Amino acid sequence: MTVQLGSRLRDTRGRMLRDLRISVTDRCNFRCVYCMPKEIFGRDYDFMPHAMLLSFEEIVRVARAGIAHGVHKLRLTGGEPLLRREIETLVAMLAELRTPEGQPLDIALTTNGSALAHKARALRDAGLNRVTVSLDSLDEATFRAMNDIDFPLQRVLDGIRVAQDVGFDAIKINTVVKRGVNDDDVLAIAEHFRGTPVTVRFIEFMDVGTTNGWNLDQVVPSAEIIERISAVHPLEPLRPAYRGETANRWRYVDGAGEVGAISSVTEPFCGSCTRARISADGKLFTCLFASRGHDLRALLRDGCTDAELEAALAGIWNARDDRYSELRTADTPTERIEMSYIGG
Ligand code: SAM
Ligand code: SF4
Ligand code: SF4
């Protein structure tokens, strides 16, 4: 077998392809108000039939093609990735992959935490390096209202505790902040994880998809969130850990850890965006806000070779010009893909 060392792709703005976010299902047991509002994602919503989803083998082939072109980080997401049966088997398959330099990949997963307590150990054993748990409030009523299925807070907190016990390399918390809904909970969340190795990242409510009723008044700028925390526990900025990092980072001056802020609305970071996304049905999206994906599943199921898959990926990435967040205006086109489909 010939070993292909592949090329380091650049898009039209000189950005490399470094991270691949893989959505493994479009289904979710939560109906977070900012992501899958109940009125749209109701009982009769048409989720993808299983045959439409990429199989684990197909996902591995796409990941390998990405790796040949410079991908070194994989993130499993959804929908809720822990709803995909045998997800730990996929993790184990991805953990066997190596970069052209022979390095293992950095494999992460984003989850709502509802099934983490009983899945964390199997995921860790399969080779998952890092986990991000979404947690929008520590107030029971607000938490239940935001997931909109009355899911109890304690089950997610249990999941986070088990994740800490099994020893992932890193655990992060994602908190989407919506004005008038959970912005008063920011300090409590920061304080809950202060002094632990768990990093909280506050995320500005984004206008992904077209169903979450987004408007700018509901966005709490990260600067305001950081000020609120810093007024009680002084913070100082940290340099990004690596180029392309989405979160701005701050450390507590007294050494009690750090927090992050993902300011995609108020401080877009398209200039260093090295991420591609694969939807559960195998479409490649080069931007979270894209209205169109490239159908890799059709290629795979038409019997393409690995070289053909790599060539297709190269062609798509080379032509990439996306910078939606930098261009965002009140009248940006509204034909956008839902976050639960494309994977956050
Ligand atoms: N279900 C998993 C979860 O919630 O962690 C993974 C998929 S979810 C789409 C990935 C991330 O996107 C979550 O942290 C979620 O909070 C975030 N998210 C969803 N809709 C968002 C929005 N409108 N603005 C900002 N972040 C959003
Ligand atoms: Fe589900 Fe995650 Fe979307 Fe919430 S944010 S509805 S948990 S996919
Ligand atoms: Fe990347 Fe698109 Fe987000 Fe800009 S708007 S940071 S290009 S995903």
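Everything quoted here is computed from the prediction, not taken from an experiment. Atoms within each ligand, like the ligands themselves, are counted from 1 in listed order.
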Within-cut-off N or O pair, [X] and ligand 1, under 3.5 Å:
| X | value |
| --- | --- |
| C35 | no |
| G79 | yes |
| T132 | no |
| Y34 | yes |
| D136 | no |
| N174 | yes |
| E80 | yes |

Exercise for the section: Kindly indicate whether the side chain of I173, heavy atoms from C-beta on, has any atom under 4.5 Å from the side chain of H192. Expected result: no
Does the pair [X]/[Y] count as a salt bridge with the N-to-O cut at 4.0 Å?
| X | Y | value |
| --- | --- | --- |
| K178 | D185 | no |
| K283 | D281 | yes |
| D106 | R18 | no |
| R13 | E326 | no |

Against heavy atoms of [X], which atoms of ligand 1 measure under 4.0 Å?
| X | value |
| --- | --- |
| S134 | 3 (C), 4 (O), 5 (O), 13 (C), 14 (O), 16 (O) |
| T77 | 6 (C), 7 (C) |
| I203 | 25 (C), 26 (N) |
| T111 | 2 (C), 3 (C), 5 (O) |
| N112 | 2 (C), 3 (C), 5 (O) |
| M339 | 9 (C), 12 (O), 17 (C), 18 (N), 19 (C), 20 (N), 21 (C), 26 (N), 27 (C) |
| G78 | 7 (C), 9 (C) |

Fill in the blank from the handout: Checking heavy atoms under 4.0 Å, the part of T110 that sits near ligand 1 is both
Handout entry: Mode of V133 contact toward ligand 1 - side chain, backbone, both, neither (heavy atoms, under 4.0 Å)
Key = neither
Would you check if there is a donor-acceptor pair between the side chains of [Y] and [X] at a distance under 3.5 Å?
| X | Y | value |
| --- | --- | --- |
| T25 | E80 | no |
| N182 | S137 | no |
| N174 | T110 | no |
| T266 | E204 | yes |

Fill in the blank from the handout: By ring-ring contact (aromatic ring centres under 6.0 Å, His included), F56 pairs with (sequence neighbours left out) none
Practice task
Return the set of residues passing side chain to side chain donor-acceptor pair (under 3.5 Å) with R124 (not counting sequence neighbours), or none when no residue passes.
Solution key: D169
Handout entry: Atoms of protein origin (N, O or S) under 2.8 Å from atom 1 (Fe) of ligand 3
Key = C273 SG
Problem - Whether K38 side chain and D148 backbone form a donor-acceptor pair below 3.5 Å - result: yes
Problem - Exam field: side chain R201 to backbone R249, donor-acceptor pair closer than 3.5 Å - result: no
Exercise for the section: If the plane angle is over 60° it's perpendicular, under 30° parallel, otherwise tilted; pick one for F30 and F151. Expected result: tilted
Practice task
With salt bridge (charged side-chain N to carboxylate O under 4.0 Å, His left out) as the test, would you mind laying out the steps for D306 and R61 before giving the verdict?
Solution key: CA-CA 7 Å; D306 286 349; R61 283 194 69 192; 2.9 Å; yes
Exercise for the section: Check D183, D136, I203 against V177 for a side chain to side chain contact (heavy atoms under 4.5 Å, CB included) and give me the one that passes. Expected result: D183
Practice task
Check L116, L76, L74, T132 against L109 for a side chain to side chain contact (heavy atoms under 4.5 Å, CB included) and give me the one that passes.
Solution key: L76
Handout entry: Any S340 heavy atom less than 4.0 Å to ligand 1
Key = no
Practice task
Please list, in chain and residue-number order, the protein N/O/S atoms closer than 2.8 Å to atom 1 (Fe) of ligand 2.
Solution key: C28 SG
Exercise for the section: Report, as yes or no, whether the 6.0 Å neighbourhood of atom CZ on R301 holds more than 12 heavy atoms from other residues, nucleotides or ligands. Expected result: yes
